[in-house]
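Heads up, the thing below is written out as structure tokens.
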Number of protein chains: 2
Amino acid sequence: MAIVDEMVCFSLYSATRATTRAYAELLAPWGLTYPQYLVLVVLWSDGEQSVNELGDLLQLDSGTLSPLLRRMESKLLIERKRVHSDQRIVTIAPTPRAAELRRELGHIPSAIAHATGLPDLESARELIATLQRLTTAMGELNPKDA
Amino acid sequence: MAIVDEMVCFSLYSATRATTRAYAELLAPWGLTYPQYLVLVVLWSDGEQSVNELGDLLQLDSGTLSPLLRRMESKLLIERKRVHSDQRIVTIAPTPRAAELRRELGHIPSAIAHATGLPDLESARELIATLQRLTTAMGELNPKDA
DNA sequence: CATTGAATAATTGCACACAACTTAGTTGTG
DNA sequence: CACAACTAAGTTGTGTGCAATTATTCAATG
């Protein structure tokens, strides 16, 4: 066992990249990336919302989202709209094509759930809870929380 | 709770980015990134080795490692050497400066261990084991294992 | 010995992440 | 109203990840 395998952080880093590669494989026929898929998931669930709200949910800033959303717009998956009452805000709305993808990509959650190799829903929930606690704890070390 | 928070993959993705930001914070005084730090950890532990071996341990290909190592070389942390007996192979050796950093960065493992918020070594080991199983399972979905 | 095939790094192109900065629009205060 | 402070999104620059390709070297085979 190599030294890095003793580290929590490396196993996290490694698991995330393996997961992203698995999503890339599943999403390739639609030319989507994992972060783009996450945007669709949020839009399917919560509907139209601002770039800021999207960034809060996904923990991504405009430096990441702006070009990502531009690519999704060019694929006709989302539509950008300026809010009349506050011209600073841009809302991101799913297009009819995005609704179609909700059906076409319906197989992905179960495919990924199976690919995790986790035995049951309970262990998945446990892992999620552990990771969320870790994320919160890590955030405390970051000065940007001030 | 947002929809993405119910997903194992998102909690992984999120935890990894939180961890990388925490490392970035700690490593900033030395101008190092987390992947660069990982290379140092491997070199400190196992000493000089080829780009391939480094890539096997960190699960990174030459497309990622080549420019990363070039940056580390320009910071005088590593030295590239062609192997005489096989001119295809490039070995990466830590410089004296890298050895210095081993001492200067000695506080980081415990700082990160504390920042994870994990209560004890046993729960850390458990999480690592779970993540390694998940990484392996995810790999099976990837055709590149063939 | 010449040719072919495999191995090893490096390069190229694309898509994130994220810090730092810019631009445009809004709000609060006098 | 004037204007500073704030906010939202976009832009820029750097550093990964990773697929695909290229260049070089080595090894095996006839």
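Hydrogens, waters and symmetry mates play no part in the numbers below; they use all other heavy atoms, side chains included. Here the structure is a predicted model, which means the values were calculated and not measured. Within every chain, numbering begins at 1; the chains are lettered A, B, ... in the order of the sequence lines, protein sequences first and strands thereafter.
- For the pair A:Leu32 CG and C:dC16 C1', the interatomic distance rounds to 14 Å; values are reported in whole Å.
- Rounded to a whole Å, the CG atom of A:Leu60 is 14 Å from the P atom of D:dA9.
- Side-chain nitrogen and oxygen atoms of B:Arg70 include none within less than 4.0 Å of the OP1 or OP2 phosphate oxygen of C:dA9.
- Put simply, A:Arg82 has no side-chain N or O that comes within less than 4.0 Å of OP1 or OP2 on D:dA8.
- Residue contacts for B:Asn52: at a heavy-atom cut-off of 4.0 Å it reaches the sugar-phosphate backbone alone, with no base atom in range.
- Comparing A:Tyr34 and A:Val83 by the nucleotide of DNA chain C that holds the closest heavy atom to each, the one mapping nearer the 5' end is A:Tyr34.
- A salt bridge is absent between A:Glu79 and A:Arg97; no separation between the charged side-chain nitrogens and carboxylate oxygens falls under 4.0 Å.
- Between B:Arg71 and the phosphate of D:dT16, there is a side-chain N or O to OP1/OP2 separation shorter than 4.0 Å.
- With a cut-off of 3.5 Å on both Watson-Crick or G-U wobble distances, the partner of D:dT14 is given as C:dA17.
- Nearest-nucleotide positions on DNA chain C place A:Gln36 closer to the 5' end than the other of A:His84 and A:Gln36.
- Judged as a ring-ring contact (aromatic ring centres under 6.0 Å, His included), and not counting sequence neighbours, the contacts of A:His107 are A:Trp30.
- A donor and an acceptor atom, one from each side chain of A:Glu48 and A:Thr91, are located under 3.5 Å apart.
- Neither OP1 nor OP2 of C:dC16 sits under 4.0 Å from any side-chain N or O of B:Tyr13.
- Base engagement by B:Asp61 is indicated by at least one non-hydrogen atom pair under 4.0 Å involving a base atom.
- Minimum interatomic distance between A:Leu118 and A:Ser123 (heavy atoms only, all atoms of both residues): CB-OG, 4.1 Å.
- Cation-pi contact between B:Arg21 and B:Tyr23: absent, since separation from the ring centre below 6.0 Å together with deviation from the ring axis within 45° is not met.
- Phosphate contact (OP1/OP2 of C:dA10, side-chain N/O of B:Arg88, threshold under 4.0 Å): absent.
- The side chain of B:Thr33 places an N or O atom within less than 4.0 Å of a non-bridging phosphate oxygen (OP1 or OP2) of D:dT16.
- Put simply, CZ on A:Arg21 is 7 Å from P on D:dA19, counting in whole angstrom units.
- When heavy atoms are screened at a 4.0 angstrom cut-off, B:Ser50 is found touching the sugar-phosphate backbone but no base atom.
- Within 4.0 Å of B:Gln59, counting heavy atoms only, lie sugar-phosphate atoms of the nucleic acid but no base atom.
- For the pair A:Gln87 and D:dA9, the criterion of a side-chain N or O lying under 4.0 Å from OP1 or OP2 is not met.
- A:Leu58 has its CG atom 14 Å from the P atom of D:dA9, to the nearest Å.
- With C:dA17, C:dA9, D:dG10 as the candidates, the nucleotide lying closest to the side chain of A:Pro35 is C:dA17.
- B:Ser62 has no side-chain polar atom (N or O) that falls below the 4.0 Å cut-off from OP1 or OP2 of C:dA9.
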